[in-house]
Structure formats: structure tokens, C-alpha cells
Amino acid sequence: MTTEPIHVIGGGLAGSEAAWQAAQAGVPVILHEMRPVRGTDAHKTDSLAELVCSNSFRSDDAETNAVGLLHAEMRLAGSLIMACGDAHQVPAGGALAVDRDGFSAAVTAKLEAHPLISIAREEVPGLPPAEWDKAIIATGPLTAPSLAQAIAEATGADALAFFDAIAPIVHFDTIDMGTCWFQSRYDKVGPGGTGKDYINCPMDKAQYEAFVQALLDGQKTEFKEWEGTPYFDGCLPIEVMAERGVETLRHGPMKPMGLTNAHNPTVKAYAVVQLRQDNALGTLYNMVGFQTKLKHGEQVRIFRMIPGLENAEFARLGGLHRNTYINSPTLLDGSLQLKSRPGLRFAGQITGCEGYVESAAIGLLAGRFAAAERLGRAPSLPPVTTAFGALLNHITGGHIVSDDEPGKRSFQPMNVNFGLFPPLEAGTNLRPEGFEGRFRGKDKSIARKKAMTGRALTDCRTWLGLNAAAQAAE
Ligand SMILES: Cc1cc2nc3c(=O)[nH]c(=O)nc-3n(C[C@H](O)[C@H](O)[C@H](O)COP(=O)(O)OP(=O)(O)OC[C@H]3O[C@@H](n4cnc5c(N)ncnc54)[C@H](O)[C@@H]3O)c2cc1C
């Protein structure tokens with residue numbers, strides 16, 4: 001009996017990995033890639049899995065870094081992207097950087113040589129036709145316009161964004177709650193709220209003016225010529241607001257009205273920075289209205305001037321880019337399937353993950369899920385304690401949608417980070433054997449990360465059936 005193929009649209013990081021995973025599971029794949037018939041503004045070659053900018057897959061430290069952990073899990077899952085990355089590694093300290101041409105050529109050769117994969121060099125101009133009953137759209141941040149238009153028509157115009165407007169996200173446990181306090185403006189409860197939904201960071205006049213000056217002086221990144229300048233109402237970068245006058249921010253995202261400092265009720269703050277819960281776990285908070293084009297190093301330096309954020313660790317820094325991505329938490333089910341059209345999945349950056357490795361990881365999952373269904377099995381979802389599961393969970397439901405800013409998109413692209421993982425079980429012993437003295441600060445943070453990555457790798461092996469296979473071999 002011949003198995004019907006899965007159609008993968010887009011041969012980038014996600015589509016290449018999805019095609020590989022499905023084919024390795026024994027399912028035929030037709031991979032549709034529009035290059036070289038039609039190019040994008042960023043791709044320069046006709047190779048599959050082209051790296052459009054940096055040649056780095058970031059940290060390869062699987063013990064204390066979330067993206068390093070994702071590398072390790074992808075290797076366990078037989079990732080083509082990781083195998084070709086490892087084979088074409090170039091020296092880069094603790095990071096995994098690759099020879100970009102060697103890497104992409106290797107991915108292309110492996111996919112071309114696979115007996116179950118055919119590659120069609122063509123643009124798919126609209127949603128897959130009905131007869132493609134299992135398909136994965138992995139067309140990335142620069143999805144060709146006619147397909148993007150078709151996706152917008154199918155999902156609703158508000159559900160597809162063409163630019164991101166990313167505000168920084170802070171790990172809750174690095175915010176000084178001795179300085180900040182929980183309160184919603186005017187104690188409004190709102191839908192699903194408590195009246196204490198925001199974390200507030202107070203500033204006096206001198207602190208505010210120094211902060212505005214730092215925003216003006218801070219180094220910014222420029223838009224690429226083809227990106228245009230995507231400013232629209234409600235999404236101006238904070239430094240652009242600061243340029244409009246020293247008082248502008250105090251009447252915008254930093255307004256102090258309706259807020260009383262719980263630590264110092266008689267003194268009115270001159271300005272207030274608000275952070276709002278970002279994920280259901282309550283481990284991450286985003287800085288409301290703080291989308292920015294400041295360089296990443298500058299963001300860390302300047303945002304740590306904010307009282308209460310002096311020691312903040314950032315899960316994500318701000319940015320504004322040309323990007324195409326859907327409102328996944330609303331549109332997709334837990335296995336990346338469009339709720340309104342079962343059998344059609346999305347993968348890669350278009351789902352709202354960010355980065356080469358994350359895009360490939362989501363491609364890996366989509367390929368496995370689609371192949372399982374084609375073979376008559378239910379998709380097996382990775383546990384949320386793994387990097388795969390934490391990222392998938394964030395995209396498909398872990399992010400909290402804000403009700404109090406109608407018209408604004410609160411779901412913004414995200415790299416994998418420890419804030420997406422469920423906290424360790426209460427009572428987990430983090431203290432390494434034989435550790436003497438006070439156990440806190442950096443030592444404790446490293447130990448916590450090691451416990452999380454250890455838990456993740458164990459659970460990932462179980463999910464992939466590798467523990468059972470190892471036991472059977474013993
Ligand atoms: C300018 C720029 C710079 C970036 N720099 C970095 C960086 O330094 N580091 C990092 O980690 N991430 C970076 N990113 C993000 C990066 O694009 C993604 O991380 C990653 O490439 C996304 O993988 P993907 O498979 O989702 O999309 P892509 O890798 O872009 O692959 C999508 C593929 O789909 C094809 N396609 C599009 N529409 C169609 C269609 N209708 N029919 C058929 N094929 C189609 C495209 O030609 C492309 O090959 C950058 C993004 C951009 C736009």
C-alpha cells in the first residue's frame with residue numbers, strides 16, 4: 001500500500017527539518033521551495049536551510065543554557081539541522097557556529113538523496129489545495145506575499161502580523177519586589193484580573209529624566225532598507241517616543257496615574273514602568289509598551305537603571321523587525337494544527353518562535369506529528385519539562401493573551417529560555433553533594449538550571465523511547 005505524501009511548503013530551517021523527520025518515519029514528502037524561481041529580500045542562494053544572517057546556532061551548553069539544551073534534545077531526536085551543523089562547525093568558543101555554505105549544502109544534499117523526499121522548486125501561491133490533506137506551512141518570516149495574503153484571509157487579518165514589536169521580558173524572580181509592587185491602574189479588576197495584575201517600578205523626577213536621556217543617547221539598530229519603517233499607532237519604539245519630548249513617556253507607557261506605591265504610599269511616583277504577566281506559569285513579565293530598536297547590550301544597561309530592575313535578567317530583549325507570523329495561541333491546537341483546518345500545520349518562525357534553532361525544532365515536531373497521523377497514530381507531544389515541550393507549549397497556549405489592550409497583539413516572537421519551563425518541584429535539592437557554606441546567588445541559579453536541564457533530558461529520552469531502548473539493549 002502506498003502512503004500518500006505530506007506536503008511541506010518552504011525549505012528553510014523548519015521545512016527542511018520537518019521533511020527529514022517525516023521521511024525518516026517512513027512517510028513520503030514533497031518539499032516545495034520557491035527559490036530560485038522566486039527570491040526573498042534576505043536569502044541569497046538557492047540552498048535549502050540557508051542562514052540569512054549570523055552563522056551561529058548560539059550556545060551549545062546543554063547544562064546551563066536553554067538553547068544548548070534544545071540542541072541536545074534535537075540531537076537525541078535525530079535532527080538533520082543539528083547533524084549538518086555539527087559536521088560543519090567552525091570555532092566559536094562555547095557557541096555552535098557553522099560554515100554557512102557547507103552547512104546548507106549538506107542539508108540540501110541529504111534531502112535530495114533521501115528516497116522518500118522529492119523537492120519541487122516552485123512557489124505555492126495560496127493555501128494548499130484540498131487534496132493535500134496533510135501539509136505543513138514553513139514559509140518563514142519572509143513568506144511570499146500571495147501565500148501570506150491567503151493565510152490572512154483564512155485566519156482573519158488581525159491574526160497575521162507583518163512586523164513584530166517586541167517588548168523585553170524579564171524573569172520574575174530577578175525583579176526586586178522590595179522596590180516594586182503589584183497593582184493594576186486604578187485597581188481595575190477587568191476580565192480575569194485581580195486588581196493587582198501589574199508589577200510597578202517607581203521613578204522620581206531625577207531618575208526619570210536620566211532614563212529619558214539614556215534612551216536618547218543609547219545606540220540603536222537600523223532598519224534594513226527593504227523593511228521600511230513599520231511604525232504604527234500604539235507601537236512606537238520608546239526611544240522614538242522619548243525624542244518627541246521629555247514628558248511624552250510620562251504621558252504614555254510610563255504614566256504614574258492611578259498607582260500608589262505600596263512601599264511608600266505618601267510619595268507619588270513621577271513616572272512608573274509597568275510589567276505584565278506574560279506566561280501562564282507566572283515566571284515571565286513583559287515591560288508594557290517598551291518595544292525598542294535599542295541595541296541589546298544598551299537595553300540591558302539602560303533598563304537596569306529602572307528601580308527594581310537593577311538585577312533584572314531578560315528572557316527576551318526588545319526589537320522591531322519585518323516578520324510574518326500568526327497568532328498561534330489562538331489559531332493552532334497543541335500539535336501545531338490549524339484548528340479551522342485539521343491536517344494543515346504551521347512550523348518555524350511563522351508560528352511565533354524566534355531563531356534558527358527554535359524554527360528547526362518546531363519543524364522537527366511538526367514533521368513528526370504529521371507523520372504519526374499519516375501512519376494512523378496520534379501525535380505524541382513532548383513533555384512541557386523538555387525544551388521542545390516548553391517552546392511548543394508557549395506557542396500553542398502558554399502565552400497569556402492580554403484583554404486590557406484591545407487591538408494590540410500581545411503574542412510576540414520568543415526564543416527558548418528557562419522562563420518557559422515549569423518550575424522545579426518544591427523541595428528539589430539543588431545543593432551539590434559536599435557543597436559547604438552559603439548557597440545562593442549565582443551558585444544557586446546555576447544549580448537550578450542544571451536541575452532543569454537534567455530533568456528535561458531525562459524526560460526527552462523517555463518521550464523518544466530512548467530509555468526503554470537502552471534498557472532493552474542491556
Ligand atoms: C533579515 C533576517 C535576519 C535574521 N537573522 C537571524 C540570525 O542572525 N539568527 C537567527 O537565529 N535567526 C535570524 N533570523 C530569523 C530567521 O529567519 C529564522 O530564525 C529562520 O530562518 C526561520 O526559519 P524558517 O524555516 O521558519 O524560515 P526560513 O528559513 O526563512 O525558510 C522559509 C522558506 O520558505 C520559502 N518560501 C516562502 N514563501 C514560499 C512559498 N509561497 N512557496 C514556497 N516557498 C516559500 C523561502 O524561500 C524560504 O526558503 C533572521 C530573519 C531575518 C528575516
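Owing to the predicted nature of the structure, the values given are computational and were not obtained by experimental measurement.
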Taking C-beta and beyond as the side chain, do [X] and [Y] meet within less than 4.5 Å on heavy atoms?
X: F346; Y: L336; answer: no
X: P28; Y: T3; answer: yes
X: I166; Y: M414; answer: no
X: R121; Y: P36; answer: yes
X: F411; Y: H394; answer: yes
X: F388; Y: L364; answer: yes
X: Q89; Y: L96; answer: yes
X: W20; Y: V29; answer: no

Tell me whether [X] contacts the main-chain N or O of [Y] through its side chain, where contact means a donor paired with an acceptor under 3.5 Å.
X: R341; Y: A154; answer: no
X: T40; Y: H43; answer: yes
X: S16; Y: L13; answer: no
X: E354; Y: P413; answer: no
X: Q274; Y: V288; answer: no
X: S104; Y: A49; answer: yes
X: W132; Y: L127; answer: no
X: R100; Y: L51; answer: yes
X: Q299; Y: G318; answer: yes
X: Q21; Y: G367; answer: no

Taking all non-hydrogen atoms of both residues, which atom of [X] and which atom of [Y] are closest, and how far apart?
X: A387; Y: A456; value: N-CB, 4.5 Å
X: C460; Y: T386; value: N-CG2, 3.6 Å
X: S56; Y: A95; value: OG-CB, 4.2 Å
X: I136; Y: A366; value: CD1-O, 3.6 Å
X: L420; Y: N279; value: CA-ND2, 4.5 Å
X: G419; Y: T283; value: O-OG1, 2.5 Å

Judged by modelled atom types alone, do [X] and [Y] share a side-chain donor-acceptor pair under 3.5 Å?
X: S335; Y: R345; value: yes
X: D197; Y: T194; value: yes
X: N311; Y: T174; value: no
X: H88; Y: D99; value: no

Handout entry: Pairwise distance CD1(I119) to CG(L48) - rounded to 0.5 angstrom
Key =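 One finds 5.0 Å between CD1 of I119 and CG of L48.
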N-O pairing of [X] and [Y] below 4.0 Å:
X: R75; Y: D86; value: yes
X: R374; Y: D133; value: yes
X: D173; Y: R448; value: yes

Problem - Listed partners of N393 passing side-chain contact (heavy atoms from CB on, under 4.5 Å), at least two apart - result: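 Testing N393 for side-chain contact (heavy atoms from CB on, under 4.5 Å), a comparison that skips the adjacent residues, returns V384.
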Practice task
Could you tell me how the ring of H7 sits relative to the ring of H32: parallel (under 30°), tilted (30 to 60°) or perpendicular (over 60°)?
Solution key: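 Ring orientation, 0 to 90° scale: parallel.
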Practice task
Decide if atom NZ of K444 counts as having more than 12 heavy atoms of other residues, nucleotides or ligands within a radius under 6.0 Å.
Solution key: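 Atom NZ in K444 is not crowded, with 12 or fewer foreign heavy atoms closer than 6.0 Å.
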Practice task
Assert yes or no for the condition that the ring centre distance of Y356 to F103 is strictly below 6.0 Å.
Solution key: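 No, the ring centres sit 6.0 Å or more apart.
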Practice task
For H114, enumerate each residue passing the side chain to side chain donor-acceptor pair (under 3.5 Å) test, keeping only those at least two apart in sequence or located in another chain.
Solution key: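 With neighbours one apart ignored, the set is Q24.
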Handout entry: Candidates E313, E310, E298 - the one meeting salt bridge (charged side-chain N to carboxylate O under 4.0 Å, His left out) with R304
Key =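 Exactly one pass, corresponding to E313.
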